[in-house]
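Working notes for the structure below.
Counting begins at 1 with the first residue of the sequence. The model shown is predicted, which means the values in this text are computed figures rather than measured ones.
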Amino acid sequence: GPWHRQPAPDTVVRSLTMPGHVTSLDVQGYGGLVKVAAGPVSRAEVIETINYVKQEGGLPAVVQSVSAGRLTLADPACATSDCTVGFTVTVPAGIPATVTTDGGAAAVSGTAGAAVDSVGGPVIAEHIDGPLTVNTDGGALQMDGAAGADVDSGGGLVTAAHIDGA
């Protein structure tokens, strides 16, 4: 009934540095915040923030893999269970990023090109060193700095500055 309180979610934060050379990034989130930024690092650094309800069978499985230079981060368990995983990723300069959040917010800055699909979540893209493609499906989009932009906000508010191209 209405008096049955939801258990409070547990939060786990994990930090890892990916071994090996990363040449591109693919992040697939389900509702969590995804932040990707180029920074003064030689290896990709990842902070995962996992929110889940403990009774439901333990910590959601978060996938990290590097294949042919492509780093993939995903939280497929949260597609079907009550959890969210947020990723904060710092990558070396010169790496393109693909981000899918399924309703979560996304913030991308400094990458060598970006493709973002937020399925309703708000998106901020700043100082993208290359082409920017964004589909927000109703979410708000704020862009500042890209070498061209291809955008579909699905009716969401768009603000754009310093788009250096078509």
In terms of hydrophobic clusters joined by side-chain contacts under 4.5 Å, are [X] and [Y] together?
X: Val66; Y: Leu25; result: yes
X: Ile47; Y: Ile50; result: no
X: Ile163; Y: Ile124; result: no
X: Leu132; Y: Val119; result: no

[X] versus [Y]: any side-chain heavy-atom pair under 4.5 Å?
X: Val53; Y: Asp10; answer: no
X: Val62; Y: Leu73; answer: no
X: Gln64; Y: Leu16; answer: yes
X: Val151; Y: Leu141; answer: yes
X: Val22; Y: Ile95; answer: yes
X: Asp129; Y: His127; answer: no
X: Phe87; Y: Val46; answer: yes
X: Ile128; Y: Thr111; answer: yes

Ignoring hydrogens, what is the shortest heavy-atom contact between [X] and [Y]? Give both atom names and the distance.
X: Gln28; Y: Asp75; answer: O-OD1, 2.9 Å
X: His21; Y: Thr23; answer: CD2-CG2, 3.7 Å
X: Ala61; Y: Ala77; answer: N-CB, 3.9 Å
X: Arg70; Y: Ser24; answer: NH1-OG, 3.2 Å
X: Ala38; Y: Gly110; answer: CB-O, 3.2 Å
X: Tyr30; Y: Ala79; answer: CE2-CB, 3.5 Å

First locate atom [atom1] of [X], then atom [atom2] of [Y], and finally report the distance between them rounded to the nearest 0.5 Å.
X: Met18; Y: Leu71; atom1: CE; atom2: CG; answer: 5.0 Å
X: Tyr52; Y: Leu59; atom1: OH; atom2: CG; answer: 5.0 Å
X: Asp26; Y: Thr98; atom1: CG; atom2: OG1; answer: 5.5 Å

Inset, instruction - Could you check Asn51 against Thr11 for side-chain hydrogen bond (donor to acceptor under 3.5 Å, both in side chains), going step by step and ending with a plain yes or no? - result: CA-CA 5 Å; Asn51 290 292; Thr11 301; 2.6 Å; yes
Legend entry - salt bridge (charged side-chain N to carboxylate O under 4.0 Å, His left out) against Arg14, all qualifying residues, sequence neighbours excluded: Glu48
Legend entry - salt bridge (charged side-chain N to carboxylate O under 4.0 Å, His left out) partners for Glu126, two or more places apart: none
Inset, instruction - Measure from the side-chain N and O atoms of Thr101 to the backbone N and O of Ser118, and report whether any donor-acceptor pair falls under 3.5 Å. - result: yes
Inset, instruction - Mark yes or no for whether Thr49, through its side chain, and Gly86, through its backbone, hold a donor-acceptor pair below 3.5 Å. - result: no
Inset, instruction - Scan residues 136-156 for pairs that pass side chain to side chain donor-acceptor pair (under 3.5 Å), counting only residues two or more places apart or in two chains. - result: Asp144-His162
